[in-house]
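Report on the following structure.
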Amino acid sequence: MCGRARCTLRPEQVARACGIDDASSPPTLQMDRYHPSFNVSPGSYLPVVRKEGNAGKGAVIHCMKWGLIPSFTKKNEKLDHFRMFNARSESVSEKASFRRLVPNNRCLVAVEGFYEWKKDGTKKQPYYVHFNDRRPLVLAALYDYWENSEGEIFCTFTILTTCCSSALQWLHDRMPVILGNKSAMDAWLNGCPSFEVESVLKSYEDPDLVWYPVTPEMGKPSFNGPECIKEIQLKPVEKNPISKFFFKTSEIKCESFPEVKSSSEEATQTNQFEDVKEEPTTHETKEEVLDFGGHGTDNKLEVQSLLKEGAEKCGTKRNYKQFAVDSEFPDTIKMPSLEKKENPKSKEERQQTLLSYFQRR
DNA sequence: CCAGACGTTGTT
DNA sequence: GTCTGG
DNA sequence: CCAGACGTTGTT
DNA sequence: GTCTGG
């Protein structure tokens, strides 16, 4: 499934990720509705790349609400964006609400990553899933227009899902359809109405899709900011409660597994597009790879020899590259939930100790 | 013919 | 809009 | 997706 | 439990 994501991409980044020709100044529509967020959920607006017009082959970035409202929805019906925020790709060509959109209402949604909750009995642990080179994920989606009784047009979309890749099966059974290359994106966006959609509606199996656990606090939709994607250290699961008095969690904490694959993909920046009016060009020239903390220096090395298996059991899979640069979140951006947090994480909290284990309870 | 549905997820 | 059910 | 509410009356 | 809201 896909019910939560990070999208703090600027329109140019969306355009570039989706393969729009003139990505430097893409045509946009209703972008004032776009509020970049580390915690996007159904019901909020995201930039969607769709074809411009019927015959025109150009693309436009159109900000739409996540959660499909089919055009045939009754004029006076109460809108429910939380019912159809996903569409099963396996049945999308049969279901009445989606079927009619497949030929002519396909679109792309670019996000930096998405969240997935792992259920362990009563507990739910969220993980952040993303590409190890931090290029955006381009997701397959469908959109529709609906007009209310006052003549207002509502633009909404739904993200297609498929079964999880074998690598992500441990986490969930469903995942969004990730269009992993230019031809898949192009086919989905520009393919003729009768094109064989099944060919691109596959689960993404490549090993550059990685993940790590994040704070359960981000489950609250109002919790926003870079803290959402900060890697956390999972507490080891202890069968025997007594044993936790006898080991140092710092010794057995999960280490990362360095992916050895090198990617030629251009790393994308993670700056904000908070408000075009305020600082439209400030970030234009930056090509720096940025990240928003959370990857303590203590995580950086000595992990080379660790087994992949062990790392993945501990719920982390990542690439060296993401530690190449350690930078702060730009302070030009308003991030309310961050501002409230007066204390930055102490080293104590980053590197888990027996003391912190109890302090946090 | 008209009326009514049209969905996913996870959990039971 | 389009299909299913009565 | 998860979090949070889950109610009425009358008055401002 | 189930619905609504973000």
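Proteins come first, then strands; the chains are lettered A, B, ... in the order of their sequence lines, and each starts at number 1.
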Donor-acceptor contact present, side-chain [X] to main-chain [Y], <3.5 Å:
X	Y	result
Glu231(A)	Thr215(A)	no
Glu112(A)	Thr8(A)	yes
Trp66(A)	Phe85(A)	yes
Asp133(A)	Arg135(A)	yes

Is [X] touching bases, backbone alone, or none of the nucleic acid, heavy atoms closer than 4.0 Å?
X	result
Gly219(A)	sugar-phosphate
Ser91(A)	sugar-phosphate
Ser41(A)	base
Ala87(A)	sugar-phosphate
Arg83(A)	base
Pro70(A)	nothing

Heavy-atom distance under 4.5 Å between the side chains of [X] and [Y], does that happen here?
X	Y	answer
Asn39(A)	Arg4(A)	yes
Val109(A)	Val138(A)	no
Cys164(A)	Ser203(A)	no

Can you tell me which stems DNA chain B forms, taking runs of 3 or more consecutive Watson-Crick or G-U pairs with both distances under 3.5 Å?
->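 Detected stem regions: B:1-6 with C:1-6.
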Can you list everything that forms a side chain to side chain contact (heavy atoms under 4.5 Å, CB included) with [X]? Sequence neighbours excluded, please.
X	result
Thr156(A)	Lys65(A), Leu68(A), Ile69(A), His81(A)
Ser89(A)	Leu160(A), Thr162(A), Val177(A), Leu201(A)
Lys118(A)	Asp120(A), Tyr127(A), Trp170(A), Leu171(A)
Asp173(A)	Gln169(A)

Run the salt-bridge test on Glu217(A) and Lys230(A) with the 4.0 Å N-O cut-off and return the result as yes or no.
->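 So Glu217(A) does not pair with Lys230(A) through a salt bridge.
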When you list every nucleotide of DNA chain D with an atom under 4.0 Å from a heavy atom of chain A, which one comes first 5' to 3', and which comes last?
->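 Footprint of chain A along DNA chain D, 5' to 3': dC1(D) to dG4(D).
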Separation of dG1(C) P from Lys74(A) NZ (nearest whole Å) =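 So the two atoms are 13 Å apart, to the nearest Å.
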Where along residues 93-108 of chain A does a heavy atom fall under 4.0 Å from DNA chain B?
->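 Output list: Lys95(A), Ala96(A), Ser97(A), Phe98(A).
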Identify, residue by residue, the members of residues 141-163 of chain A with a heavy atom below 4.0 Å from DNA chain B, and return them in order of residue number, or none.
->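 Residues of residues 141-163 of chain A that come under 4.0 Å of DNA chain B are, in numerical order, Thr161(A).
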Which residues share a salt bridge (charged side-chain N to carboxylate O under 4.0 Å, His left out) with Arg33(A), sequence neighbours left out =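 Per chain and number, Arg33(A) pairs via salt bridge (charged side-chain N to carboxylate O under 4.0 Å, His left out) with no residue.
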If the P atom of dT8(B) is compared with that of dG5(E), how far apart are they to the nearest Å?
->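 These two P atoms come out 23 Å apart once rounded.
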With sequence neighbours left out, what residues match Glu152(A) under side chain to side chain donor-acceptor pair (under 3.5 Å)?
->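 Listed in chain order: Asn148(A).
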Below 3.5 Å is the cut-off: list the nitrogen or oxygen pairs between protein and nucleotides 2-5 of chain E, distance only.
from	atom 1	to	atom 2	distance (Å)
dG5(E)	OP2	Lys78(A)	NZ	2.8

In a check of ring pair (Phe, Tyr, Trp, His ring centres under 6.0 Å) between Tyr115(A) and each of Tyr128(A), Phe223(A), Trp211(A), which one passes?
->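 Option passing the ring pair (Phe, Tyr, Trp, His ring centres under 6.0 Å) with Tyr115(A): Tyr128(A).
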Pair up each side-chain donor or acceptor in residues 94-106 of chain A with any protein partner under 3.5 Å, not counting sequence neighbours, and list the distances.
from	atom 1	to	atom 2	distance (Å)
Arg99(A)	NH1	Glu94(A)	O	2.9
Arg100(A)	NH1	Ser71(A)	OG	3.1
Arg100(A)	NH2	Ser71(A)	OG	3.3
Arg100(A)	NH2	Asp144(A)	OD2	2.2
Asn105(A)	ND2	Tyr143(A)	O	3.1
Arg106(A)	NE	Trp188(A)	O	2.6
Arg106(A)	NH1	Val102(A)	O	2.9
Arg106(A)	NH1	Pro103(A)	O	3.3
Arg106(A)	NH2	Gly191(A)	O	2.5

